[in-house]
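Here's the structure, in structure tokens; my notes come after.
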Amino acid sequence: EVRLVESGGGLVQAGGSLRLSCEVSGFIFDDYAIGWFRQAPGKEREGVSCISRRDGSTYYADSVKGRFTISSDNAKNTVYLQMDSLKPEDTAVYYCAGERGLTRSWYPPAQRDFGSWGKGTQVTVSS
């Protein structure tokens, strides 16, 4: 069974930082892409960042480029999203998602490309 569990969300002031974690199990970590999506109230879910374990590529949405960093720890089967210089508009529920075999040719990541999802973690940035 494929399982993804997010953690690390919380309340932070604008300009602050958070690090989200996505612990994955049930699939071959090195063959998967892990994406981070977010959904703010009243808005559609959007792709924020993605890392492909198959070709080592990464993707960032323009809105987070230069502020967010995605990384992975093979030993822990965990993908991280380091979020710096947070803004109130970053407030959302953040979800990680996994799919086998995705590479840079699939960027930007779309919800329909990912078959496995976590339950999400809330990030709130106060002004």
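Model, not experiment: these values are computed from the prediction. Residues: numbered from 1 along the sequence shown.
Tyr95 is linked by a ring-ring contact (aromatic ring centres under 6.0 Å, His included) to nothing, counting only residues two or more places apart in sequence or in another chain. Scanning for side-chain contact (heavy atoms from CB on, under 4.5 Å) contacts around Thr103 gives Ser52, Arg54, Asp55, Ser105, Trp106, with sequence neighbours left out. A search for ring-ring contact (aromatic ring centres under 6.0 Å, His included) contacts involving Phe37 returns Phe114, Trp117, not counting sequence neighbours. Every residue meeting the side-chain contact (heavy atoms from CB on, under 4.5 Å) condition with Asn74, not counting sequence neighbours, appears here in chain and number order: Phe29, Asp30, Arg53, Ser72. For Arg3, there are no salt bridge (charged side-chain N to carboxylate O under 4.0 Å, His left out) partners, not counting sequence neighbours. Listed by chain and number, the residues in a side-chain contact (heavy atoms from CB on, under 4.5 Å) with Gln122 are Thr91, Val93, Thr124 (sequence neighbours excluded).
Applying the disulfide bond (SG atoms under 2.5 Å apart) test to pairs two or more places apart or on separate chains, none has a residue in residues 38-83. A salt bridge (Lys or Arg N to Asp or Glu O under 4.0 Å) check over residues 15-25, counting only residues at least two apart or in different chains, returns nothing. Applying the salt bridge (Lys or Arg N to Asp or Glu O under 4.0 Å) definition to pairs two or more places apart or across chains, those involving residues 66-78 are Arg67-Asp90. The stretch residues 66-94 participates, sequence neighbours left out, in no ring pair (Phe, Tyr, Trp, His ring centres under 6.0 Å) pair at all.
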Could you give the side-chain donor-acceptor pairs of residues 4-18 under 3.5 Å, partners two or more places apart or in another chain?
residue	atom	partner	partner atom	Å
Glu6	OE1	Lys119	N	3.1
Glu6	OE1	Gly120	N	2.9
Glu6	OE2	Cys96	N	2.9
Glu6	OE2	Gly120	N	3.1
Ser17	OG	Asp84	OD1	2.7

Under 3.5 Å, sequence neighbours excluded: what are the donor-acceptor pairs made by side chains of residues 40-49?
residue	atom	partner	partner atom	Å
Arg45	NE	Gln39	OE1	3.3
Arg45	NH2	Gln39	OE1	3.4
Glu46	OE2	Arg38	NE	2.7
Glu46	OE2	Arg38	NH2	3.2
Ser49	OG	Tyr59	O	2.9

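Residues Thr78 and Val24 fail the side-chain proximity criterion, which asks for heavy atoms closer than 4.5 Å. Side chains of Val79 and Ile70 form a contact here, defined as non-hydrogen atoms less than 4.5 Å apart.
A single hydrophobic cluster is seen to contain both Tyr32 and Ile51, as judged by linkage of ILVMFWY side chains at heavy-atom distances under 4.5 Å, directly or through other members.
The line from CD of Glu99 to CG of Asp31 is 10.0 Å long, rounded to the nearest 0.5 Å. Atom OG of Ser127 sits about 10.0 Å away from atom CD of Glu89, to the nearest 0.5 Å.
Across Leu20 and Trp36, no two heavy atoms sit closer than the pair CB-CH2, 3.6 Å.
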